[in-house]
Amino acid sequence: MTADQKLTTRKKATALAAAPGAALSRAQLLQAYRQMKTIREFEERVHVENAAGAIPGFTHLYCGQEAVAVGACEHLDDADYIISTHRGHGHCIAKGCEVVGMMKEIHGRRDGLNGGKGGSMHIADVKKGMLGANGIVGAGQPIAVGAAIACKLRGEGKVAVSFTGDGASNQGTVFEAMNMAVVLKVPKVFVFENNGYSEHTGASYGIGCDDIVQRIEGFGIPVFEADGFDFFSVYEAMGKALALARSGAGPAAIYCTTIRYFGHFEGDPQNYRAKDEVQHYRTEKDCLLAFRKRMAESGELDEASLDQIDREVGALIERAVQEARNGQRPAPEDLLTNIYDNY
Ligand SMILES: Cc1ncc(C[n+]2csc(CCOP(=O)(O)OP(=O)(O)O)c2C)c(N)n1
Ligand SMILES: [Mg+2]
């Protein structure tokens, strides 16, 4: 029934920094819900588009993990940096990348966010501080250390954030990035997302030490643990990690347990999962349902406002798909553009 994943309950580093304190405003709550809902609708629709053969190349969907990307990125602005992974759509949307441009990019259209030449795994928008999704597992973390060095040198209180899966947490590049971030005391937050699997390999088999938190702590990085199904839990953990990173104390990390609703890639037969695993999480743990439940209980947001967001997001994604379907492919001469950059 449950994912092949260790749901640790240890709260070790939580005492290191004060909680952010102030409750979220109505506008912040609406924005958090809108962002999670946008990621969900975007991904559910990419799933359908992919099955229809409309999307060239490989696609990895982020459905189920929305609370992590949004809980982390709602603390950031355009001048903070993030680096994503091969499962990058959610991180891009959470960091403010334009959704229609993203859908066009994934469909390989000329007016996509990256000229239709990057596709699902290479979406980037430097103006939004989104330094790129990345098809190479573990490649983003050292890049984010470089961005964090830039943040430190500029001295404007900005940070760099990398996202790392349970599988990527085994990569040497991630170890090196953690060590270098500590040695150079850079303002960097490592966000670890344990969704239970690295491709088809269970985390409990693939993580030799059985405990990613312990591994991160071994590098001298304080870790704040979060329930990756719960926006508020991630938001709080990220607030604490950012407070440390921005204080000049060096890097911090958050560790979130979560699950992906779709296969590793679109087309994955998922024979390694129990038949009812995803349904269990969709029904019992879903971040959107949990958010709505909490709002109903606290009375902070009314149901009608959330329903209205659902309609607006649905219309946005529908427009994105229609425009993406009708877009032009890159022209042959586009092969020779965007190859070199001038500094
Ligand atoms: C250096 C490298 N090794 C292997 C792969 C193949 N690969 C792509 S995704 C993936 C699994 C990554 O798992 P995880 O970090 O847990 O991320 P998730 O897919 O769960 O989001 C692997 C092994 C790759 N892209 N790059
Ligand atoms: Mg994983």
Side-chain angles (χ1 to χ4, degrees), residues 2-8 39-40 42-43 46-47 50 57-73 82-94 118-123 132-144 161-178 190-213 215-216 225-229 234 253-274 277-278 281 285 287:
T2 54
D4 189 4
Q5 171 186 51
K6 218 179 158 54
L7 289 167
T8 167
I39 297 171
R40 175 67 54 85
F42 190 94
E43 297 292 65
V46 168
H47 175 71
N50 190 75
F58 236 51
T59 312
H60 309 80
L61 300 181
Y62 192 72
C63 262
Q65 303 185 211
E66 295 88 348
V68 179
V70 177
C73 290
I82 70 163
I83 288 270
S84 177
T85 69
H86 55 286
R87 200 175 300 289
H89 308 164
H91 304 141
C92 292
I93 293 172
S120 167
M121 277 186 279
H122 303 101
I123 296 178
N134 202 313
I136 308 299
V137 173
Q141 293 74 8
I143 299 172
V161 175
S162 59
F163 290 88
T164 305
D166 46 286
S169 79
N170 293 328
Q171 292 291 97
T173 46
V174 178
F175 297 173
E176 293 166 37
M178 287 197 282
F190 292 82
V191 174
F192 285 84
E193 297 184 78
N194 184 352
N195 64 5
Y197 301 102
S198 170
E199 290 202 352
H200 311 163
T201 304
S204 64
Y205 173 81
I207 312 293
C209 68
D210 236 14
D211 188 343
I212 294 173
V213 171
R215 183 181 274 178
I216 304 163
E225 295 182 49
D227 175 355
F229 299 97
V234 178
I254 69 169
Y255 172 76
C256 310
T257 41
T258 178
I259 203 79
R260 57 168 157 75
Y261 287 171
F262 289 107
H264 169 63
F265 61 95
E266 282 305 273
D268 175 4
Q270 302 185 71
N271 294 328
Y272 52 92
R273 302 181 100 166
E277 181 185 300
V278 172
Y281 283 98
K285 296 283 285 178
C287 62

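No experiment lies behind these values; they were computed from the predicted model shown. Counting starts at 1 for both ligands and their atoms, following the listed order.
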Contact check, side chains of Glu43 and Tyr261, non-hydrogen atoms, under 4.5 Å
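No, their side chains stay 4.5 Å or more apart.
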Are the side chains of Tyr197 and Asp268 in touch, meaning some heavy atoms are under 4.5 Å apart?
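No, their side chains stay 4.5 Å or more apart.
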Counting distance only, does the side-chain N/O of [X] pair as donor-acceptor with the main-chain N or O of [Y] below 3.5 Å?
{"X": "Asn50", "Y": "Thr59", "value": "no"}
{"X": "Glu193", "Y": "Tyr255", "value": "no"}
{"X": "Ser162", "Y": "Gly140", "value": "no"}
{"X": "Arg215", "Y": "Ser169", "value": "yes"}

Specify side chain, backbone, both or neither for [X], according to which of its non-hydrogen atoms lie closer than 4.0 Å to ligand 1.
{"X": "Asn195", "value": "side chain"}
{"X": "Glu199", "value": "both"}
{"X": "Gln171", "value": "side chain"}

With respect to atom 2 (C) of ligand 1, which of Val137, Asn134, Leu61, Thr258 exhibits the smallest heavy-atom separation?
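Going through Val137, Asn134, Leu61, Thr258 one by one, Val137 has the nearest heavy atom to atom 2 (C) of ligand 1.
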Any non-hydrogen atom of [X] lying under 4.0 Å from ligand 1?
{"X": "Thr85", "answer": "no"}
{"X": "Arg260", "answer": "no"}
{"X": "Gly138", "answer": "no"}

Got an N, O or S from [X] under 2.8 Å of the Mg ion (ligand 2)?
{"X": "Asp166", "answer": "yes"}
{"X": "Asn194", "answer": "no"}
{"X": "Asn195", "answer": "yes"}

Would you mind listing which atoms of ligand 1 come within a distance below 4.0 Å of any non-hydrogen atom of Gly167?
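Numbered from 1, ligand 1 contributes 13 (O), 14 (P), 15 (O), 16 (O).
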State the atoms of ligand 1, each with its element, that fall below the 4.0 Å cut-off from a heavy-atom position in Ala168.
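This gives 14 (P), 15 (O) as the contact atoms.
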So, Phe42 versus Tyr62, ring centres under 6.0 angstrom or not?
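No: the rings miss the under 6.0 Å criterion.
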Nearest protein heavy atom with distance in Å, relative to [atom]:
{"atom": "atom 11 (C) of ligand 1", "answer": "Ser198 OG, 3.4 Å"}
{"atom": "atom 25 (N) of ligand 1", "answer": "Gly135 O, 2.8 Å"}
{"atom": "atom 21 (O) of ligand 1", "answer": "Arg87 NE, 2.8 Å"}
{"atom": "atom 9 (S) of ligand 1", "answer": "His264 CE1, 3.3 Å"}
{"atom": "atom 17 (O) of ligand 1", "answer": "His86 CE1, 3.5 Å"}

For Ser120 and His89, which I'm curious about, is there any donor-acceptor pair between the side chains at under 3.5 Å?
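Their side chains do contain a donor-acceptor pair, which is all the 3.5 Å distance test asks for.
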Which heavy-atom pair separates Gly88 from Ala133 by the least distance, and what is that distance?
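Scanning both residues, the minimum pair turns out to be CA-CB, 4.4 Å.
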How long is the gap from CD1 on Ile207 to CG on Asn194, to the nearest 0.5 Å?
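If we round to the nearest 0.5 Å, Ile207:CD1 and Asn194:CG are 6.5 Å apart.
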Atom pair NZ (Lys285) and OG1 (Thr258), whose distance is rounded to the nearest 0.5 Å
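OG1 of Thr258 is found 9.5 Å from NZ of Lys285.
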